[in-house]
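Structure record follows, encoded as structure tokens.
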Number of protein chains: 2
Amino acid sequence: MFQIDRFGRTPIYEQIIDQTQRLIASGILKEGDQLPSVRALSQELSVNPNTLQKAYSELERRGLCVSAPGNGRFVTAEAFRIVGEGTKERLEELKKIAEELCMAGMPMEQVFHAVNDAYGKEIES
Amino acid sequence: MFQIDRFGRTPIYEQIIDQTQRLIASGILKEGDQLPSVRALSQELSVNPNTLQKAYSELERRGLCVSAPGNGRFVTAEAFRIVGEGTKERLEELKKIAEELCMAGMPMEQVFHAVNDAYGKEIES
DNA sequence: CAAGTGTACTATAACGGATAGTACACCGAT
DNA sequence: ATCGGTGTACTATCCGTTATAGTACACTTG
């Protein structure tokens with residue numbers, strides 16, 4: 001369910017956060033679903049439990065999940081809405097890259113094609 | 001000419017590299033132009049000379065500039081072409097973000113609009 | 001009670017980034 | 001020739017972040 005890159009510069013706990021958000025955004029993780037326990041996931045990924053605890057705490061702080069001590073940790077009802085609010089920033093990122101490509105002389109048509117490609121890809125996944 | 005963000009996670013030396021590449025890509029820095037000296041820039045930005053040396057060394061390794069010891073450091077003739085080659089990766093980045101936005105349910109039309117915006121923006125800058 | 005869950009805390013190792021300081025070599029102008 | 005600017009090389013050190021190790025405790029469910 002999770003995939004860790006131990007070489008890149010993005011810390012593990014942040015990779016967990018990002019991937020969880022994507023799983024929620026894409027509807028794979030829904031309201032009420034249980035997240036893997038820190039201990040179980042720590043074994044599966046060979047990662048220290050504290051590192052996962054850090055990631056989960058942050059997800060909780062953002063309101064994406066709640067902990068039921070002694071029971072588990074579950075996706076909240078608002079999770080989908082909350083991650084959706086972050087798309088504005090992502091769009092700004094995309095815009096910034098587009099500006100750079102513009103400056104670098106890439107034709108707009110080519111960028112359009114890439115976007116179209118990305119949206120067409122949903123069929124095969 | 002350079003703008004440093006001391007809070008983000010991207011290291012200073014990498015910010016220098018990125019910004020220099022953008023200045024070249026956008027044609028502001030042309031062949032033969034002299035880059036700020038390590039000492040001058042170190043004062044202007046309140047950054048250690050070694051940090052800038054690190055950035056400049058990398059730019060040199062990539063063939064974007066050459067050093068003339070005792071004289072200065074200058075943009076090469078191939079610089080513009082070389083930074084242009086990196087646009088493929090940038091386009092891939094953009095595509096990846098577009099895929100995420102797709103998954104998050106953002107209409108493609110809106111992404112198109114952002115790209116269009118980015119390309120129209122060149123007039124005002 | 002036992003096993004699984006979350007939580008809290010301290011300590012430590014490891015790495016990268018940035019700094020400080022020094023020294024040397026080169027070029028150009030005066 | 002000297003001086004002031006340039007690039008270069010090196011060592012040492014500090015600091016913050018990341019990740020780990022280890023322990024202990026509280027809670028819930030079966």
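So you know, we letter chains A, B, ... as the sequences are listed, proteins then strands, and number each from 1.
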**Request:** Give the intermediate values and the outcome of side-chain hydrogen bond (donor to acceptor under 3.5 Å, both in side chains) for residues T76(B) and E31(B).
**Result:** CA-CA 5 Å; T76(B) 64; E31(B) 168 185 2; over 6 Å; no

**Item:** ILVMFWY network linking V38(B) to V66(B), side-chain heavy atoms under 4.5 angstrom
**Value:** no

**Request:** Treat primed atoms plus P, OP1 and OP2 as sugar-phosphate and everything else as base, then score nucleotides 19-26 of chain D 5' to 3': B for base contact with protein heavy atoms under 4.0 Å, S for sugar-phosphate contact only, - for none.
**Result:** SBBB-B--

In whole angstroms, how far is the [atom2] atom of [N] from the [atom1] atom of [X]?
X      : N       : atom1 : atom2 : result
I17(B) : dA18(C) : CD1   : P     : 10 Å
L41(A) : dG6(C)  : CG    : C1'   : 14 Å
Q34(A) : dT28(D) : CD    : C1'   : 12 Å
Y56(B) : dG7(D)  : OH    : C1'   : 12 Å
R61(A) : dT7(C)  : CZ    : C1'   : 18 Å
Q43(A) : dT5(C)  : CD    : C1'   : 14 Å
N71(B) : dG4(D)  : CG    : P     : 18 Å
F7(A)  : dT18(D) : CZ    : C1'   : 16 Å

Flag side-chain contact, heavy atom, 4.5 Å: [X] against [Y]:
X      : Y      : answer
I97(A) : L91(B) : no
L94(A) : K95(B) : no
R6(B)  : I4(B)  : yes

Does OP1 or OP2 of [N] have a side-chain N or O of [X] closer than 4.0 Å?
X      : N       : result
S67(A) : dT7(C)  : yes
R9(A)  : dT17(D) : no
S37(B) : dT6(D)  : yes

**Asked** In terms of side-chain geometry, is the basic nitrogen of E78(A) or R81(A) positioned less than 4.0 Å from the acidic oxygen of its partner?
**Response**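 Salt bridge absent between E78(A) and R81(A).
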
**Request:** Output yes when E58(B) and R62(B) qualify as a salt bridge under the 4.0 Å nitrogen-oxygen rule, no when they do not.
**Result:** yes

